[in-house]
Amino acid sequence: MTETIFSKIINRELPADIVYEDDQVLAFRDISPQAPVHVLVIPKLEIATANDIRPDQAELVGKMVLAAQKIALDEGIAEDGYRLVMNCNRHGCQEVFHLHLHLIGGRQLRGISAG
Ligand code: 5GP
């Protein structure tokens, strides 16, 4: 897999506002937030897209979701709610080809429409 900007954040070659880290998962604030809370949760392992997740990586993806759950609590948005989004490839508008979950909240979000 080609190295992405997120690998550089994992390796501390690029700065990021890190809000969570364990041995397998890292989370940091999106550089262009779409809501008061907009955090990207990524695996330290390089996986390009949702299409590339292997069955033996199911636990890792679960850990990403649990990290998002914890961050939502820490950020004080768990009760009101939030959105977890994973974009895939062109039609999903994926821009960075290192798997990531967007954790978005802190305001009333619009419903997901056709667009
Ligand atoms: P995608 O469209 O691939 O699902 O989302 C990629 C996200 O990464 C975008 O929301 C974009 O703002 C964010 N992003 C791109 N480059 C950087 C960066 O260098 N630092 C941080 N913190 N976020 C980035």
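Atoms within each ligand, like the ligands themselves, are counted from 1 in listed order. Only a predicted model underlies this, so the values are computations on that prediction, with no experimental measurement involved.
Under a 4.0 Å N-O distance rule, the pair Arg90/Glu95 does not qualify as a salt bridge.
Residues that satisfy the salt bridge (charged side-chain N to carboxylate O under 4.0 Å, His left out) test with Asp22, not counting sequence neighbours, are absent from this structure. Not a single salt bridge (charged side-chain N to carboxylate O under 4.0 Å, His left out) links Asp23 to another residue, sequence neighbours left out.
The backbone N or O of Thr49 lies less than 3.5 Å from a partner atom in the side chain of Asp52, making a donor-acceptor pair.
Using a 30° and 60° split on the angle between ring planes, His38 and His102 fall in the tilted class, from 30° to 60°.
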Distance-only criterion, 3.5 Å: show the donor-acceptor pairs between side-chain atoms of residues 57-71 and protein atoms not counting sequence neighbours.
from	atom 1	to	atom 2	distance (Å)
Gln57	OE1	Arg54	N	2.9
Lys63	NZ	Gln24	OE1	2.6
Lys70	NZ	Asp74	OD2	2.7

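Near ligand 1, Ile5, Phe6, Ile9, Phe28, Arg29, Asp30, Ile31, Ser32, Leu40, Asn87, Cys93, Gln94, Glu95, Val96, His100, His102 each place a heavy atom less than 4.0 angstrom from the ligand.
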